[in-house]
Every structure is written in C-alpha cells, then in structure tokens.
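Notes follow once the structure below has been shown.
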Amino acid sequence: SKDVEALGIQNGDIVCYDPKFEITEKGFLKTRFIDDKASAVVLLMLLKYMSENKLSFKHDTYIYFVVYEEVGHGASMVSKDSDEFVTLDMGCVGMDLAGNEYAVSICAKDSGGPYDYELTTKLMNLAKENKLNYTVDIFPFYGSDIGAANRAGVDFKGALIGTGVSASHGMERTHIEGIENTLKLIYLYLVG
C-alpha cells in the first residue's frame, strides 16, 4: 500500500518485527524467533564452556549455524563425511503433544519421516540416565535441517532435539530450564 511505500519499503525487502524480548521473574523467556535464538545460545554456551575448560569433543565435530531452515535448504551444505547429525531446533508445545517449556524435546519423527532410531534412543537414554527433564514427541507438520541435509544427499544418522517452545512463529515462550536441559543433553552427547 502507499503507506508502506512511503516508509521506503518495497517488494523483496526484508522486514523484521520487534521481538519484544522479556524474561519473567519465573524464568520464562518470551520473544519472537525463540526457537532459533535458544538453539544458537545453547551452541554458543557449549562452545564457550568447552574453550574455557579446555575440553574436547569425543569425535570430530562440526558446529553449524545455518539459515533458511524454514524454507527447506538450511543444512543442505553439511559435510558429506558426517556419520551422525544432531540438529537443535525446538520442541513444539501444544495439544496432542508431549513437549513442555521446561524440558528438552527429543523428536522421534517429523513430516519427513522417522529420525534414526539408534541415535534417537541414545539421546533418550542419555537424558534418562542423567535425570534430565525430557519428552519424546512426533511433529507431523514440522520439518528440520535433518531433512534438508538428507535431500542434499548426505548419508548419516539424524536426530533432533530442542527446548520446548509454545506458540511457534508467534510471540513464542520457553523456560530457562528447557534451555538448560537442552544444553546438558547436547553436552552429554558430544562430550559424555
């Protein structure tokens, strides 16, 4: 419309909403795009902890920060020599779902099909053995970077974990405990 054009915005411009970030007294984080922010924070915290404590991963490990996951080709460039690929995204919270904002969600299946049973079970066992708050869920209307890498021809065992997020793609909400549980699980998987 003319009002938008008067602001200098035209077709093809990238427009971002004010994220309205807030941390409540009870430990909830409320903002837009929390699924991507929480995952990036978890990976950055992991790398900082590893560096400060001079720790190393059990195996050769690549950490990717990808974009375009929402349009389906985000992790299509992962290394072809990857044996396992665990992506961090989000666990959906809602009706008919097990996820909640306090837990790390382990996805067993999404719209592209099941994730690797052996790797998913390994993550579930790590969470259980270490008394993490976790849930296991399926997301029939959801996809992740695992699917993008698969479609690009990368052959690996794939799994998905992430903090529980309420109101995906709206004014989203998670809890600091969900982020902590996600951080602990990825640490246990990579460092053990």
Side-chain angles (χ1 to χ4, degrees), residues 16 19-69 74-91 93 99-107 115-116 118-136 144-146 148-149 154 156-166 168 172-192:
C16 184
K20 300 180 182 177
F21 182 81
E22 174 188 359
I23 299 178
T24 70
E25 291 180 20
K26 294 188 178 186
F28 284 99
L29 286 79
K30 298 166 140 184
T31 186
R32 291 184 170 93
F33 324 118
I34 194 72
D35 59 330
D36 297 326
K37 290 176 186 174
S39 297
V41 163
V42 164
L43 291 174
L44 290 169
M45 289 171 58
L46 172 71
L47 292 170
K48 182 176 190 258
Y49 181 82
M50 298 291 290
S51 175
E52 288 175 348
N53 292 281
K54 300 187 181 3
L55 299 172
S56 57
F57 298 118
K58 288 189 290 195
H59 304 285
D60 291 341
T61 301
Y62 300 98
I63 303 288
Y64 294 97
F65 293 87
V66 300
V67 294
Y68 294 112
E69 175 257 332
S76 60
M77 73 333 162
V78 299
S79 176
K80 300 273 190 227
D81 66 351
S82 298
D83 294 321
E84 295 181 344
F85 180 18
V86 175
T87 191
L88 274 67
D89 198 336
M90 61 172 271
V93 173
N100 68 70
E101 295 102 326
Y102 301 95
V104 55
S105 182
I106 302 169
C107 181
Y115 287 101
D116 182 77
E118 183 180 339
L119 182 54
T120 301
T121 300
K122 178 180 180 177
L123 292 165
M124 290 168 24
N125 288 338
L126 281 171
K128 183 185 291 185
E129 291 162 7
N130 291 278
K131 298 179 176 32
L132 301 183
N133 185 353
Y134 77 99
T135 62
V136 179
S144 77
D145 282 314
I146 296 292
V154 185
F156 55 77
K157 294 178 180 180
L160 165 69
I161 66 172
T163 186
V165 173
S166 180
S168 175
E172 300 175 345
R173 181 181 87 168
T174 194
H175 196 275
I176 193 71
E177 289 180 25
I179 293 171
E180 289 171 353
N181 282 296
T182 304
L183 175 59
K184 288 174 184 175
L185 183 55
I186 197 66
Y187 174 83
L188 290 165
Y189 166 70
L190 291 172
V191 180

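Quick note: numbers below take in every heavy atom, side chains included, and nothing from hydrogens, waters or symmetry partners.
The two atoms that bring Leu160 and Leu88 nearest to each other are CD1-C, 4.4 Å, heavy atoms only. In plain terms, the two heavy atoms of Thr163 and Ala38 that are nearest each other are CG2-CB, 3.8 Å. Heavy-atom minimum distance, Val66 versus Met77: CG1-CE, 3.4 Å. Minimum interatomic distance between Asn133 and Asn100 (heavy atoms only, all atoms of both residues): ND2-OD1, 4.4 Å. Of all heavy-atom pairs spanning Val42 and Leu183, the tightest one is O-CD1, 3.5 Å. Between Gly74 and Ala148, the closest heavy-atom pair is N-CB, 4.0 Å.
A donor and an acceptor atom, one from each side chain of Thr87 and Ser144, are nowhere located under 3.5 Å apart.
Environment of OH in Tyr62: sparse, with no more than 12 heavy atoms of neighbouring residues, nucleotides or ligands closer than 6.0 Å.
In this view, Thr61 and Phe57, Ile63, Leu190 satisfy the side chain to side chain contact (heavy atoms under 4.5 Å, CB included) rule, not counting sequence neighbours.
Here the CG-CG distance, from Leu126 to Leu132, works out to 8.5 Å after rounding to the nearest 0.5 Å. We find the CD1-CG distance between Ile106 and Asn125 to be 9.0 Å, quoted to the nearest 0.5 Å. Atom NE2 of His59 sits about 9.0 Å away from atom CG of Asp83, to the nearest 0.5 Å.
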ask   = Under the side chain to side chain contact (heavy atoms under 4.5 Å, CB included) criterion, do Ile146 and Val86 qualify, and how do the steps go?
value = CA-CA 8 Å; Ile146 296 292; Val86 175; over 6 Å; no
inquiry  = The test is side chain to side chain contact (heavy atoms under 4.5 Å, CB included); show your working for Arg32 and Phe21 and say whether it passes.
reply    = CA-CA 7 Å; Arg32 291 184 170 93; Phe21 182 81; over 6 Å; no
Chi angles and distances behind the side chain to side chain contact (heavy atoms under 4.5 Å, CB included) call for Tyr64, Ser79 = CA-CA 10 Å; Tyr64 294 97; Ser79 176; 3.5 Å; yes
key: Residue pair Ser168, Met90: steps toward the side chain to side chain contact (heavy atoms under 4.5 Å, CB included) verdict   = CA-CA 9 Å; Ser168 175; Met90 61 172 271; 3.5 Å; yes
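Residues Leu55 and Tyr187 are in side-chain contact: their nearest non-hydrogen atoms beyond the backbone lie under 4.5 Å apart. Using a 4.5 Å heavy-atom cutoff, the side chains of Phe85 and Val154 are not in contact. Looking only at side-chain heavy atoms (C-beta outward), Tyr134 and Leu185 stay at 4.5 Å or farther from each other. Contact of the Val104 side chain with the Lys184 side chain is not registered, since no non-hydrogen atoms from C-beta on lie closer than 4.5 Å. Taking the side chain as every heavy atom from C-beta outward, Asp89 and Val165 never approach each other to under 4.5 Å. The side-chain heavy atoms of Lys122 and Glu84, taken from C-beta on, include a pair separated by under 4.5 Å.
Residue pairs meeting the side chain to side chain donor-acceptor pair (under 3.5 Å) criterion with at least one member in residues 37-58, sequence neighbours excluded: Thr31-Lys37, Lys48-Glu52.
Between Glu118 and Lys157, at least one side-chain nitrogen of the basic residue sits less than 4.0 Å from a carboxylate oxygen of the acidic one, meeting the salt-bridge criterion. Between Glu101 and Arg173, at least one side-chain N (NZ, or NE/NH1/NH2) sits under 4.0 Å from a carboxylate O, which counts as a salt bridge.
Using cut-offs of 30° and 60° on the angle between ring planes, the pair Phe28 and Tyr102 is perpendicular.
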